[in-house]
Number of protein chains: 2
Amino acid sequence: MGATYGQFCPVAKAMELLDERWTLLIVRELMAGSHHFNALRRGLPRMSPALLSKRLHTLVRAGVVERHSEGNRVTYHLSPSGRELEPIVAALGQWGTRWIGELGDVDLDPHLLMWDIHRWIDMEAVPDGRTVLLFRFTDMTGPAGSWWLVINTDGVDVCDFDPGHEVRMTITSELRTMIEIWRGDRAWADTVRAGLLVLRGDTQAVRAVPTWLKLSPFASTPRPVAAVLTGTSAS
Amino acid sequence: MGATYGQFCPVAKAMELLDERWTLLIVRELMAGSHHFNALRRGLPRMSPALLSKRLHTLVRAGVVERHSEGNRVTYHLSPSGRELEPIVAALGQWGTRWIGELGDVDLDPHLLMWDIHRWIDMEAVPDGRTVLLFRFTDMTGPAGSWWLVINTDGVDVCDFDPGHEVRMTITSELRTMIEIWRGDRAWADTVRAGLLVLRGDTQAVRAVPTWLKLSPFASTPRPVAAVLTGTSAS
DNA sequence: CAGTATCCATTTCGATACTG
DNA sequence: CAGTATCGAAATGGATACTG
């Protein structure tokens with residue numbers, strides 16, 4: 001656990017545990033449905049495995065996370081006390097959405113974006129059979145510029161290589177633009193109208209996209225009045 | 001600001017700012033009504049002035065805190081975005097109250113306790129004129145063992161020396177016990193009944209104490225069922 | 001899959017003293 | 001009152017490689 005504050009105040013006692021770097025992001029990942037070590041790693045790619053391991057131990061010791069091993073599969077879940085952090089993490093996300101709008105270039109990780117998008121595809125709404133989407137980020141070179149989402153009835157896969165199936169729709173934009181849409185900083189329609197994002201392919205799919213390609217759970221957070229991006233100026 | 005997480009997730013962006021050590025405790029102090037540099041220091045005694053200064057600058061730059069200088073008096077206040085952290089800090093305090101019950105010996109700071117108590121005295125309920133309370137912590141030696149609370153119509157003062165006025169009531173217990181009462185881990189009546197705390201003095205005052213000597217704002221947080229301390233066993 | 005082990009550059013921060 | 005200056009010990013944690 002982190003260093004002590006030398007205070008009996010419950011806020012201080014809570015923060016001794018929770019203000020350690022990465023800790024609440026692990027809770028966020030557990031909330032989002034990652035329960036295996038390597039699934040957590042995918043959602044926290046900049047965290048070294050040693051550090052993730054250490055934080056998980058700390059959280060288990062603190063009673064916030066429960067570790068179960070079934071055979072040689074290990075899973076992590078929030079305990080009752082961990083589940084009581086969910087509204088706090090949600091509130092932090094809403095606060096961040098409202099007040100920390102500017103993203104640095106280092107924040108624009110295409111792999112994380114695809115990983116997020118894939119997690120929230122509405123399987124009920126997607127047409128039956130296989131649906132393949134191709135995302136092209138015009139400002140990224142090499143394998144980071146093209147991503148395939150392969151949606152089957154049994155799940156969604158993310159590929160950074162051509163899986164060889166027919167592509168139903170191609171989504172082309174700068175990476176930042178697509179991230180801003182995902183975050184709810186921009187609306188689909190406005191962005192398309194402004195020419196910053198192009199949907200090409202199956203007309204049916206193009207029209208239906210916003211119904212089954214969901215946005216971030218924080219996207220609908222109301223913004224402070226002065227901070228609304230327009231379709232054209234993204235400053 | 002803290003190191004970047006390299007994530008566009010608003011929780012991560014929020015935590016880049018907020019998970020830096022001491023940061024949310026400064027917000028807590030501002031919420032509690034400390035607005036001057038040295039008042040903040042009294043609520044954060046283990047923080048060096050250099051670090052407090054640095055954190056305040058960071059918070060001002062992030063737009064969470066506003067700094068005003070009127071003449072040579074400088075004040076700090078929460079901005080609109082900072083005020084939106086209030087429910088989050090409150091939730092963290094409630095979470096800490098419920099789930100982080102054990103206090104280490106380093107957490108038992110008598111000066112902080114007196115500072116907290118003095119802040120929440122209900123001036124409306126206190127009898128008119130001067131009221132002086134003496135707290136005696138049986139397990140503390142030297143000046144840390146005796147504290148006077150001098151309540152006038154114009155405010156409350158904390159002294160670690162005898163101010164020389166007549167004492168209306170003496171409160172005697174171990175420091176940990178008084179802190180547990182303040183935090184709401186124990187009830188006044190139970191603790192007195194168990195002989196762990198003694199109130200001596202003006203009968204009127206003894207009876208009225210709980211009405212004007214308020215407990216921590218988190219004291220009334222409901223505890224998880226299994227974690228209730230009884231009057232006698234404080235494990 | 002689920003982690004450990006190691007290494008060291010970097011950061012952090014507590015203590016103390018000092019200033020306009 | 002409201003900070004700045006300085007310093008060194010300690011911890012943090014990122015990178016990388018490796019293991020059962």
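Throughout, protein chains are lettered first and strands after them, A, B, ... in sequence-line order, and every chain is numbered starting at 1.
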**Student:** Any protein N or O atoms within reach of nucleotides 9-11 of chain C? Criterion: under 3.5 Å, listing atom names and distances.
**Tutor:**
none

**Student:** With a 4.0 Å limit, can you tell me whether B/H36 has a side-chain N or O closer than that to the phosphate oxygens OP1/OP2 of D/dC1?
**Tutor:** no
**Student:** Roughly how far apart are B/R186 CZ and B/L215 CG, rounded to 0.5 Å?
**Tutor:** 13.0 Å
**Student:** Please assess B/W148 against B/F161 for the test ring-ring contact (aromatic ring centres under 6.0 Å, His included), listing each intermediate value before the final yes or no.
**Tutor:** CA-CA 7 Å; B/W148 287 261; B/F161 55 88; 7.5 Å; no
**Student:** Would you check if there is a donor-acceptor pair between the side chains of A/D19 and A/Y5 at a distance under 3.5 Å?
**Tutor:** yes
**Student:** Tell me whether the count of non-hydrogen atoms from other residues, nucleotides or ligands lying under 6.0 Å of CH2 in A/W120 goes above 12.
**Tutor:** no
**Student:** Assess the residue pair B/W147 and B/H111 against the criterion (ring-ring contact (aromatic ring centres under 6.0 Å, His included)); give the C-alpha distance rounded to whole Å, side-chain angles, the decisive distance to 0.1 Å, and a yes or no.
**Tutor:** CA-CA 9 Å; B/W147 299 83; B/H111 200 333; 5.3 Å; yes
**Student:** Using purine N1 to pyrimidine N3 plus N6-O4 or O6-N4 for Watson-Crick, or N1-O2 and O6-N3 for G-U wobble, both under 3.5 Å, which nucleotide pairs with C/dG3?
**Tutor:** D/dC18
**Student:** Compare side-chain N and O positions of B/R21 against OP1 and OP2 of C/dG14 and report whether any pair is under 4.0 Å apart.
**Tutor:** yes
**Student:** Looking at A/R55, does any N or O in its side chain come under 4.0 Å of the phosphate oxygens OP1/OP2 on D/dG13?
**Tutor:** yes
**Student:** Any heavy-atom pair between the side chains of B/R176 and B/I179 that's under 4.5 Å?
**Tutor:** no
**Student:** Would you mind reading off the distance between B/Y5 atom OH and D/dG14 atom P, rounded to a whole angstrom?
**Tutor:** 9 Å
**Student:** Does B/R73 make a cation-pi contact with B/F37, if we ask for NZ or CZ under 6.0 Å from the ring centre and within 45° of the axis?
**Tutor:** no
**Student:** Any protein N or O atoms within reach of nucleotides 3-7 of chain C? Criterion: under 3.5 Å, listing atom names and distances.
**Tutor:**
from  : atom 1 : to    : atom 2 : distance (Å)
C/dG3 : OP1    : A/R67 : NH1    : 2.4
C/dG3 : OP1    : A/Y76 : OH     : 3.4
C/dG3 : OP2    : A/Y76 : OH     : 2.6
C/dT4 : OP2    : A/S53 : OG     : 2.4

**Student:** Mapping A/A3 and B/R42 onto DNA chain D by nearest heavy atom, which one lands closer to the 5' end?
**Tutor:** B/R42
**Student:** Are any non-hydrogen side-chain atoms of B/V11 and A/L25 less than 4.5 angstrom apart?
**Tutor:** yes
